[in-house]
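For reference, the structure is listed below as structure tokens.
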Amino acid sequence: MEKTYNPSAIESTWYKTWEENGHFAPSGSGTPDSIMIPPPNVTGSLHMGHAFQDSIMDALTRYKRMKGNNTLWQVGTDHAGIATQMVVERKIMAEEGKTRHDYGREAFTDKIWEWKAESGGTITSQLRRLGASVDWDSERFTMDDGFYKAVQEVFIRLYEDDLIYRGKRLVNWDPKLHTAISDLEVENKDKQGHMWHLRYPLADGEKTGEGKDHIVVATTRPETMLGDTGVAVNAEDPRYKDLIGKDIVLPLVGRRIPIVADEHADMEKGTGCVKITPAHDFNDNEVGKRCGLPMINIMTLNGDIREEGEAFHIDGSPKSDIDVSIPEQFRGLERFEARRAIVSAFEEAGLLEKIEDHSLMVPYGDRSGVVIEPLLTDQWFVKTAPLAEPAIKAVENGDIQFVPKQYENMYFSWMRDIQDWCISRQLWWGHRIPAWYDNEGNVYVARSEAEVREKHGLGADVELNQDADVLDTWFSSGLWTFGTQGWPENTERLKTFHPSDVLVTGFDIIFFWVARMIMMTMHFMKDDTSPENPGKPQVPFKHVYVTGLIRDENGDKMSKSKGNVLDPLDMIDGIDLESLVTKRTGNMMQPQLAQKIEKRTRKTFADGIAPHGTDALRYTLYSLASTGRDINWDMKRLEGYRNFCNKIWNAANYVLMNTEGQDCGINDEDVELTLADKWIISKLQRVEAQIEKNIDDFRLDHASQNLYDFVWNEYCAWYLELSKPVLWDEDAPEARKRGTRRTLVRVLEAIMRMAHPFMPYITEEIWQQLKPLAGVEGETIMTAPYPVADESKIDAQAEEDIEWLKDFITGIRNIRAEMNIGPSKPLEVFLRNTSEDDLRRLEENTSFLMSLAKLDNLTALKEGDEAPMSATQLVGEMEVLVPMAGLIDKDKEIARLNREVEKLNKEVARFEGKLSNEKFVGKAPAAVIEKEKAKLEDARTALGKMEEQLAAIKAL
RNA sequence: AGUCGAUUAGCUCAGUUGGUUAGAGCGCCGCCUUGACAUGGCGGAGGUCAGCAGUUCAAAUCUGCUAUCGACUACCA
């Protein structure tokens, strides 16, 4: 083994070896256990959040695999409709100055496939660097033919089940990208705007209760008034109730519109009158439905004002008997320009009552960054209510469990108020909707044009055109768990690996994806195998493990525009400052931010980033995987865990140095186990049990902490040190040395297996060296059995004895440190007030003590023996005495003892207080009282000894 | 406005059903290059667990209120 730990040297080869030897594929035996990767965007690259989640999935997968499960980690990527289309559009614009329309639909999608072939490998190579043990042989892409078949089938069946419909509805329209987006892709931002109060004159000389000839409506979007089809007032409102049924003459336009009564108008708010624009506002649309108002669309798909309005009945059918003219001066205006023009027109007409500053939420498209416009368009929808019902039940009855549980609230609150889901997108990249129209506008849904003709008896003379739209990407990713495994065929793979065990994802996509996956899966996957419950819906996964979001060192969300994104590979390989700056400031959407980002980067990473290796990165991620919602990335933690890897490396180095080529007892030769051997074996069982429990509970932070503690603070700090006096003692019996070597090797070998799911590379590297010494077989640690605690090896006596030994040694070290006695100076030590247990332990551990505490003489005083004046430490009731003569400063020792006495006094007082409280003694459980009594006893004894000692030294 | 979450050492975070002397890593102070490891070793300092009130023999932990921060949902005509 190399003398120093160099992660890049060991990480480069193992992955290839594993992959080439097929160790990532399901073994085909054992209980099936599967995880479906949340498919990352094919044209993207992995960020820290992916690294985090993928590391977790890999640990769980490797753990299950070592436990003997038939383990599948299904991998794949998502076509990410809008995002990918935009990337390629930008690319052809930058390189060729062309738009997608210059290309045409087919050529453009070919271009995207080209781009995918070029850049689609980024993700997969990153996954490989992370050590992800995914089953590459079954890798899926959501645009692959097989997957498309599943998507198409789902669409058709939902349509046939009357769960998909098409209609002219108000949707969130992105005027820049020219597509509908779901309300989840809308980002509401707080903005400062205005509230314009507009006068709407009453028709036919009517007057308000206050005698005015107009009413006042307030709006934040005055331009929509061109499409007003009514004004709502509250039926109870004394000011206006007499006007209900009367008309308004819509200013600028001249259309007569009715005053209607609707609960939406709140007497307390604003003026009490609400302009109603059913074609441009979601609330107004509801009012329109209730009051039978028509809809007039006044905007183009660009968000500009139309030449003439477009009228519809509230059900979406065209309406022709209404004035839809738009004053000439506004025609063709861009929407915000139109707003200004409308406001000044009102002002000129003397109809602008007032303008107030107003803060409001404005919807922005999270992809395009432009203001979203509610717009009437023809779209396809999924009726979600019937699908949501079983999906809610599955979580209520525990078929699906969220971890941490609190996320179930989030799920329920959304699911119980779910809206129909608009699934059509006006894009070119995605799954084309399997619907055809004839020239009469009849719609036919089927698998192909040929099937349409056959099914509906349409001759070749009937012209059919396929719907131009594609499906929302989340529609297809909703099928991920079963669509990847051959559905709609009932394949062996589907039967074996569905439902999956756990979904690991972030809370930010619970609505987007998790909920929809549950709905879709439960509708289509039925349990045909269970006789007692035939047709029971299958859930996609039994657990949803929701991770926190990784933020930067200041708690800010990582984003390209902030320039605080960290690339997991830079954590692994390291990167120099200049390259990091270039990377962060290059290819930006908003180049004006570059300077700020550069400054910040130079400050935070003055020396660039040092290489840390995959294992250290992964371990850091596990240690941060607590139940919180936010995780602030801390480079110092990463450094700490790189040091941990180094520690392991060096420990292995020590073990190998002392065991290679020597008799390690692999053939069941006689061994003598020392107390230290029994102790570390015992502790190993405990940590094995802890880790198993914590992994099963998805508490990888605890599991990694357990392992860290055991390796560093028990195995390295104590056991390796305790092995030295045995191995270096020329007089020690061979059986004892053999026992120590065997324990060194066996425990380390178990540690490697235990740690492998967390740090795959270093453990494989070391395990391969250790294997012959430990007498174990196997091609790779990946398929070696995961350690299981053996209760019979727990040795409470050995544990207590070693605790005693540690106290003893720590006591001596403490005296050395406090008294400035160097660690290499041998000491003479006396013991006073020794019990039988102390004497036995002394007898069994003399050589450990002499060596670890660097003693040259150790004498247990008998009752009545005179002790020299000494510095004292207590180990239980035994006093450890280090003679002061020539070594120890009297005043220092007095000061030290004073501190001890003071501390003990406080303790005694606290315990006495508790025990003299009648209520406590009367009500607390006996065991608690006993514990307190024992603590008081210990503190009193210690105090007595310290006081005695203090008096003696003072008397000198 | 509603829902949920957070507030523990200088920093980043653990703390499972109430019962410890409230823990870890990093940082800090002192000592040490001893034959696995200075990416190390040894010793140490540092916390009225956001605040207030309550329940209890006992509260970081349970309840209520307050403050600060955050997320989401809704509304603002």
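Order of the sequence lines fixes the chain letters, A, B, ..., with proteins taken first and strands second; residue numbering starts at 1 for each chain.
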Taking the [atom1] atom in each of [N] and [M], what is the distance between them to the nearest angstrom?
N	M	atom1	answer
U34(B)	G25(B)	C1'	26 Å
A58(B)	G54(B)	P	12 Å
C49(B)	C31(B)	P	34 Å
C26(B)	A9(B)	C1'	12 Å
U21(B)	C13(B)	P	28 Å

Answer with base, sugar-phosphate or nothing: what part of the nucleic acid does [X] contact at a heavy-atom distance below 4.0 Å?
X	answer
K724(A)	base
N283(A)	sugar-phosphate
T4(A)	nothing
K636(A)	sugar-phosphate
Y411(A)	nothing
E408(A)	nothing
C645(A)	nothing
W196(A)	nothing
S824(A)	nothing
R816(A)	nothing
Y641(A)	nothing

Does the side chain of [X] get closer than 4.0 angstrom to OP1 or OP2 of [N] through an N or O atom?
X	N	result
S626(A)	A14(B)	yes
N643(A)	C37(B)	no
N646(A)	G40(B)	no
K557(A)	A71(B)	no

_Please compare R813(A) and W633(A) by the position of their nearest nucleotide in RNA chain B and report the one closer to 5'._
W633(A)

*Mapping S623(A) and Q406(A) onto RNA chain B by nearest heavy atom, which one lands closer to the 5' end?*
Q406(A)

For [N], the Watson-Crick or wobble counterpart (both distances under 3.5 Å):
N	result
A1(B)	U73(B)
A58(B)	none
C28(B)	G44(B)

*Under 5.5 Å between ring centres and under 30° between planes: true for W728(A) and the base of G35(B)?*
yes

*Any chance the side chains of E263(A) and N234(A) put a donor and an acceptor closer than 3.5 Å?*
no

*Does the side chain of N632(A) pick up a donor-acceptor pair with the side chain of D552(A) at under 3.5 Å?*
no

_Which nucleotide in A36(B), U12(B), G43(B) has an atom nearest any side-chain atom of N632(A)_ = U12(B)

*Give the nucleotide from the list A14(B), U21(B), C37(B) with an atom nearest to the side chain of H702(A).*
A14(B)

*Just say parallel, tilted or perpendicular for the rings of F346(A) and Y200(A), cut-offs at 30° and 60°.*
parallel

*Where does the angle between the aromatic ring planes of Y622(A) and F758(A) fall among parallel (under 30°), tilted (30 to 60°) and perpendicular (over 60°)?*
perpendicular

*Any chance the rings of Y708(A) and Y641(A) have centres within less than 6.0 Å?*
yes

_Check ion pair E714(A)-K806(A) (N to O, under 4.0 angstrom)_ = yes

*Could you tell me whether E902(A) and R899(A) make a salt bridge, using a distance below 4.0 angstrom between a side-chain N and a carboxylate O?*
no

